[in-house]
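Right, one structure below, let's go through it.
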Amino acid sequence: MLQWFDQAGRHDLPWQHPRSAYRVWLSEIMLQQTQVSTVIPYFERFLAAFPNLPDLAAATPDQVSAQWAGLGYYARARNLHATARICVEQHGGDLPRDFDALLALPGIGRSTAGAILAQAWGDRFAILDGNVKRVLARYHGISGWPGTPAVEKQLWQQAQAHLPDSRLADYTQAQMDFGATLCTRARPACLVCVLQSDCVAFAQGRVDELPTSKPGKALPEREAIMLWLEDEQGRVLLQRRPPTGIWAGLWSLPEASDEAAARDWFDRHISGDFASAQALPDVPHVFSHYKLRIQPRRLSGLRPRDRVGEDNDLQWLDREQLRALGLPAPIRKLLDR
DNA sequence: AATCCGGGGAT
DNA sequence: ATCCCAGGATT
């Protein structure tokens, strides 16, 4: 990791030159849940307004607030200011070089305390931010959403276990750079990754599914039967959906809420034997407000009843016409198989 | 264990 | 539109 960092890490971030506890602390607070590119201009303006910790402590809440405006999570600014004043009163005007003392300050948790000690002083403490969580979850093949205590505990354990004996500031920065630029959330650069040979997720082909994403609210589940009906020329029967509701006005496969309704619809529109329909594997689809389990039924070599040809909302279409159409994604996916 | 805080980037 | 981001505090 250190070797990779020397060659490919970020060495020119504003808080790296010069490196001081105050600047590291300020950057760590600003970077909580906020991306580097967003923070940089705020960091520079803030530092110009309050060059050192006593300056910040002496400022009014309004002055601090003015510098923070636009960054979000405004409790961070209030805590920052409060911490500056505590440091002036209790720690001689600087941040304490002590884990528990840092942890006791408002706005500083376990990861930020570790980051300050490692970056400012080279002390041997682990961090666990979004980058480190992602790298460790993949490297060790740790499943489960990192927001749960059990998973977070494992990740902290690994973060602690990997700590080197020297170059802690560089190592800390290396992990974050690694996660931010190489082991990224989407499309990580596994092919050039120096950890590839030992990465469990890579070996198991699970890179894309780790770390496990946050579980969304449980969506209600509905099911629908969709009829994939082909005539003797291989044309597919499509039905225009009602003007309101899901996929309003789009062409889709004829749909029924259950098996009986499907048979009933089939017998009214098609001449053929519905009992010989082939059940294809379910196609799951997620909307914003519910999950739909599509149960496809396929029949081919059908002969349409006369009425079908006259119905404006019901049409037999060949492959080429289908491609030009604009089907709902799961329907297109189903027909493309 | 869940929820809140928040603007913004990436997809 | 959705997920996530150098998390921590509160409930």
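Computation of the quantities below employed the complete heavy-atom set of this structure, encompassing side-chain atoms and omitting hydrogens, waters and symmetry-equivalent molecules. A note on names: the letters A, B, ... follow the listed sequences, proteins ahead of strands, and every chain is numbered from 1.
- Remark on DNA chain B: of its neighbouring residues A:Trp145 and A:Ala75, the 5'-side contact belongs to A:Trp145, judged by nearest-heavy-atom nucleotide.
- For the pair A:Gln33 CD and C:dA6 C1', the interatomic distance rounds to 9 Å; values are reported in whole Å.
- With A:Trp228 as the aromatic partner, A:Arg297 does not meet the cation-pi criteria of under 6.0 angstrom to the ring centre and within 45 degrees of the ring axis.
- Here the P atom of nucleotide B:dG6 and the CG atom of A:Leu31 are 17 Å apart, to the nearest Å.
- Counting non-hydrogen atoms under 4.0 angstrom, A:Arg10 reaches a base of the nucleic acid.
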Any protein N or O atoms within reach of nucleotides 8-11 of chain B? Criterion: under 3.5 Å, listing atom names and distances.
unit_1, atom_1, unit_2, atom_2, d
B:dG9, O4', A:Gln35, OE1, 3.1

I'd like a table of atom pairs between the protein and nucleotides 8-11 of chain C - only N or O on both sides, under 3.5 Å - with the distance next to each one.
unit_1, atom_1, unit_2, atom_2, d
C:dG8, OP1, A:Gly109, N, 2.9
C:dG8, OP1, A:Gly109, O, 3.4
C:dG8, OP1, A:Thr112, N, 2.9
C:dG8, OP1, A:Thr112, OG1, 2.6
C:dA9, OP1, A:Gly107, N, 2.8

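- Considering only heavy atoms from C-beta on, A:Ile142 comes within 4.5 Å of A:Gln158 through its side chain.
- Residues A:Asp318 and A:Gln233 have side chains not in contact (no heavy-atom distance under 4.5 Å, counting atoms from C-beta outward).
- Using cut-offs of 30° and 60° for the angle between ring planes, the A:Tyr139 and A:His162 rings count as perpendicular.
- No donor-acceptor contact under 3.5 angstrom links the side chains of A:Ser65 and A:Arg78, judged on distance only.
- A:Trp15 comes within contact range of at least one nucleobase, with a heavy-atom separation under 4.0 Å.
- Counting non-hydrogen atoms of neighbouring residues, nucleotides and ligands closer than 6.0 angstrom, the CD atom of A:Glu232 exceeds 12 such neighbours.
- Residue A:Leu136 contributes atom CG, which lies 14 Å from atom P of C:dA6 at whole-angstrom precision.
- Atom CD in A:Gln175 sits about 13 Å away from atom P in C:dG7, given to the nearest Å.
- Among the atoms of the strands shown, none is found under 4.0 Å from any heavy atom of A:Thr184.
- Using atom C1' as the reference point in both B:dG8 and C:dA9, the two lie 23 Å apart (nearest Å).
- When the P atom is used for both B:dT11 and C:dA6, the distance is 13 Å, rounded to whole Å.
- Looking at heavy-atom distances under 4.0 Å, A:Glu152 makes no contact with the nucleic acid at all.
- Across the interface with DNA chain B, nearest-nucleotide mapping of A:Thr148 and A:Arg76 shows A:Thr148 to be the residue nearer the 5′ end.
- Following rounding to the nearest Å, A:Lys133 (NZ) and C:dC5 (P) show an atom-to-atom distance of 8 Å.
- Ion pairing of A:Asp6 with A:Arg167 is present here, as a side-chain N (NZ or NE/NH1/NH2) and a carboxylate O approach within less than 4.0 Å.
- Spacing between C:dC4 and B:dG6 at atom C1', rounded to whole Å, works out to 13 Å.
- Ion pair A:Asp129/A:Lys133 not flagged as a salt bridge, since none of the NZ, NE, NH1 or NH2 atoms sits closer than 4.0 Å to an Asp/Glu carboxylate oxygen.
- Within 4.0 Å of A:Val39, counting heavy atoms only, lies no atom of the nucleic acid at all.
- Put simply, NZ on A:Lys214 is 13 Å from C1' on C:dC5, counting in whole angstrom units.
- Here, C:dC5 and B:dC5 have their C1' atoms 14 Å apart, quoted to the whole Å.
- Side-chain proximity of A:Leu13 to the nucleotides C:dA6, C:dC4, B:dG6 is greatest for C:dA6.
- The interatomic distance linking A:Arg134 (CZ) with C:dC4 (C1') rounds to 9 Å, in whole Å.
- Distance check: A:Asp177 CG to A:His11 NE2 gives 7.5 Å after rounding to the nearest 0.5 Å.
- Taking the six-membered ring for Trp, A:Trp4 and A:Phe178 have ring centres closer than 6.0 Å.
- Distance CD1 (A:Ile127) to P (C:dC5): 13 Å, rounded to an integer number of Å.
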